[in-house]
Colleague: 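The structure follows.
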Amino acid sequence: MTNKVALITGAGQGIGEGIARQLAKDGFDVALSGRHLDKVQRVADDINQDGGNAIAIQSDVQYKDQVFDSVKQTVAKFGQMDVFVNNAGIAHVAQICNTTEEDLDKLLDINVKGTFFGIQAAAAQFKKQGTPGKIINASSIAGHEGFELLGGYSATKFAIRGLTQAAAKELARDQITVNA
């Protein structure tokens with residue numbers, strides 16, 4: 001593939017880093033976003049040193065304006081966007097009865113609202129470009145079955161499954177695929 005552009009959230013470590021590196025190897029230009037610029041910059045620098053084309057963007061997915069801004073920065077650099085990977089997420093290991101309101105708020109803000117905002121930002125860009133697009137949302141086995149000590153996390157991953165199904169139905173007419 002050439003001239004395809006992907007934006008990956010939570011790309012400074014773990015699964016997001018792995019996705020970014022693989023897409024770069026596959027020929028994509030990649031925009032890496034994350035809360036910690038130093039982490040995404042390290043990955044972008046490695047990709048660029050290996051012959052890829054990557055940029056680092058500081059963005060916190062729990063804030064809608066930052067998600068939309070990361071799309072704007074991606075398009076400003078690469079001219080378009082073809083794939084949006086909603087990867088950013090956090091886990092919380094605790095019994096449901098020991099999960100605080102603050103813990104739950106953070107899980108919902110990052111995992112659910114972050115994915116919601118990513119779908120909105122990506123769909124708006126694909127529609128603006130008049131091109132098909134792909135949105136990929138990170139779910140989990142915990143989104144298929146609730147696990148002990150992962151009640152809050154499981155709830156967010158179940159929510160992402162439902163959100164993905166609804167977005168796929170809504171955006172299909174615009175040739176935008178949404179998968180988890």
Side-chain angles (χ1 to χ4, degrees), residues 4-26 28-37 39-40 42-44 47 54-64 66-71 74 81-94 99 103-126 133-147 149-172 176-180:
K4 293 287 184 179
V5 177
L7 190 159
I8 305 97
T9 67
Q13 63 187 18
I15 294 169
E17 178 179 351
I19 291 169
R21 289 181 185 278
Q22 186 61 54
L23 287 173
K25 286 179 186 175
D26 291 344
F28 279 78
D29 294 334
V30 291
L32 315 169
S33 78
R35 287 184 292 167
H36 305 286
L37 184 59
K39 289 183 178 184
V40 288
R42 176 192 56 80
V43 178
I47 289 170
I55 61 168
I57 300 168
Q58 185 171 14
S59 177
D60 188 336
V61 297
Q62 64 185 319
Y63 302 108
K64 183 177 180 177
Q66 291 187 32
V67 177
F68 275 76
D69 187 60
S70 68
V71 170
T74 300
M81 187 177 71
D82 303 286
V83 176
F84 188 99
V85 181
N86 264 318
N87 171 71
I90 61 168
H92 178 73
V93 179
T99 299
D103 295 331
L104 185 57
D105 285 344
K106 191 167 186 173
L107 280 165
L108 292 168
D109 285 350
I110 294 172
N111 295 0
V112 179
K113 286 173 55 178
T115 300
F116 199 98
F117 298 150
I119 291 168
Q120 289 178 325
Q125 181 59 39
F126 297 145
K134 297 187 183 317
I135 301 170
I136 303 163
N137 300 327
S139 188
S140 167
I141 191 170
H144 290 271
E145 176 184 348
F147 287 93
L149 302 178
L150 292 174
Y153 176 76
S154 291
T156 67
K157 294 303 180 172
F158 269 86
I160 289 169
R161 283 184 54 219
L163 181 56
T164 299
Q165 292 171 7
K169 291 173 183 175
E170 289 179 20
L171 297 172
I176 300 169
T177 61
V178 187
N179 293 287

Colleague: Just how far is it from atom CD of E170 to atom CD1 of I119, taken to the nearest 0.5 Å?
Modeller: 9.0 Å

Colleague: Rounded to the nearest 0.5 Å, how far does CD of Q66 lie from OG of S33?
Modeller: 9.5 Å

Colleague: Do you know the tightest heavy-atom contact between D82 and K4?
Modeller: OD2-CA, 3.2 Å

Colleague: State, with a plain yes or no, whether a side-chain heavy atom of F116 is found less than 4.5 Å away from one of N86.
Modeller: no

Colleague: Over all heavy atoms of both residues, which pair between F117 and Y63 is shortest? Give the atoms and the distance, please.
Modeller: CD1-C, 4.1 Å

Colleague: Apply side-chain contact (heavy atoms from CB on, under 4.5 Å) to the pair Y153 and I90, showing each step before the final yes or no.
Modeller: CA-CA 8 Å; Y153 176 76; I90 61 168; over 6 Å; no

Colleague: Which residue pairs pass the side chain to side chain donor-acceptor pair (under 3.5 Å) test when at least one of the two sits in residues 6-15, sequence neighbours left out?
Modeller: Q13-K39

Colleague: What residues form a salt bridge (charged side-chain N to carboxylate O under 4.0 Å, His left out) with R35, not counting sequence neighbours?
Modeller: none

Colleague: side-chain contact (heavy atoms from CB on, under 4.5 Å), that's the test. Do L32 and I55 meet it? Break it down for me.
Modeller: CA-CA 6 Å; L32 315 169; I55 61 168; over 6 Å; no

Colleague: Roughly how far, to the nearest 0.5 Å, is the CG atom of N111 from the OG atom of S140?
Modeller: 10.0 Å

Colleague: Please report, to 0.1 Å, the donor-acceptor pairs under 3.5 Å made by any side chain of residues 159-169, with sequence neighbours excluded.
Modeller:
{"from": "R161", "atom 1": "NH1", "to": "G143", "atom 2": "O", "distance (Å)": "2.7"}
{"from": "T164", "atom 1": "OG1", "to": "N137", "atom 2": "ND2", "distance (Å)": "2.9"}
{"from": "T164", "atom 1": "OG1", "to": "I160", "atom 2": "O", "distance (Å)": "2.7"}

Colleague: Tell me the closest heavy-atom pair linking G12 and V40, and the distance in Å.
Modeller: N-CG1, 3.5 Å

Colleague: In chain order, what residues pass the side-chain hydrogen bond (donor to acceptor under 3.5 Å, both in side chains) check against Q58, with sequence neighbours excluded?
Modeller: none

Colleague: If you measure from OG1 on T115 to CD1 on I110, what distance do you get to the nearest 0.5 Å?
Modeller: 10.5 Å

Colleague: Please report the shortest heavy-atom distance between A88 and G10, naming the atom on each side.
Modeller: CB-N, 3.7 Å

Colleague: So, K157 side chain and A138 main chain: donor-acceptor pair closer than 3.5 Å or not?
Modeller: yes

Colleague: Please determine whether a side-chain nitrogen of the Lys or Arg among E17 and R42 lies less than 4.0 Å from a carboxylate oxygen of the Asp or Glu.
Modeller: yes

Colleague: Check salt bridge (charged side-chain N to carboxylate O under 4.0 Å, His left out) between K113 and all other residues, then give those that pass, not counting sequence neighbours.
Modeller: D109

Colleague: Could you tell me which non-hydrogen atom of T156 sits nearest to which non-hydrogen atom of L107, and how far apart they are?
Modeller: CG2-O, 3.8 Å

Colleague: Atom CG of L37 and atom OG of S59: how far apart are they, to the nearest 0.5 Å?
Modeller: 11.0 Å

Colleague: Determine the minimum heavy-atom distance between F158 and G146, stating which atoms define it.
Modeller: CE1-N, 3.9 Å

Colleague: Scan I136, T74, I8, V67 and name whichever one has a side-chain contact (heavy atoms from CB on, under 4.5 Å) with F84.
Modeller: V67

Colleague: Residues in side-chain hydrogen bond (donor to acceptor under 3.5 Å, both in side chains) with Q22, at least two apart?
Modeller: D26

Colleague: Evaluate the side-chain proximity of I176 to K134: yes if any heavy-atom separation is below 4.5 Å, no if none is.
Modeller: no

Colleague: Working to the nearest 0.5 angstrom, can you tell me the gap between N179 CG and I135 CD1?
Modeller: 10.0 Å

Colleague: Do F68 and Q125 have side-chain heavy atoms sitting under 4.5 Å apart?
Modeller: no

Colleague: Determine, step by step, whether I47 and V30 satisfy the side-chain contact (heavy atoms from CB on, under 4.5 Å) criterion, reporting the C-alpha distance in whole Å, the side-chain angles of both residues, the deciding distance to 0.1 Å, and the verdict.
Modeller: CA-CA 9 Å; I47 289 170; V30 291; 4.0 Å; yes

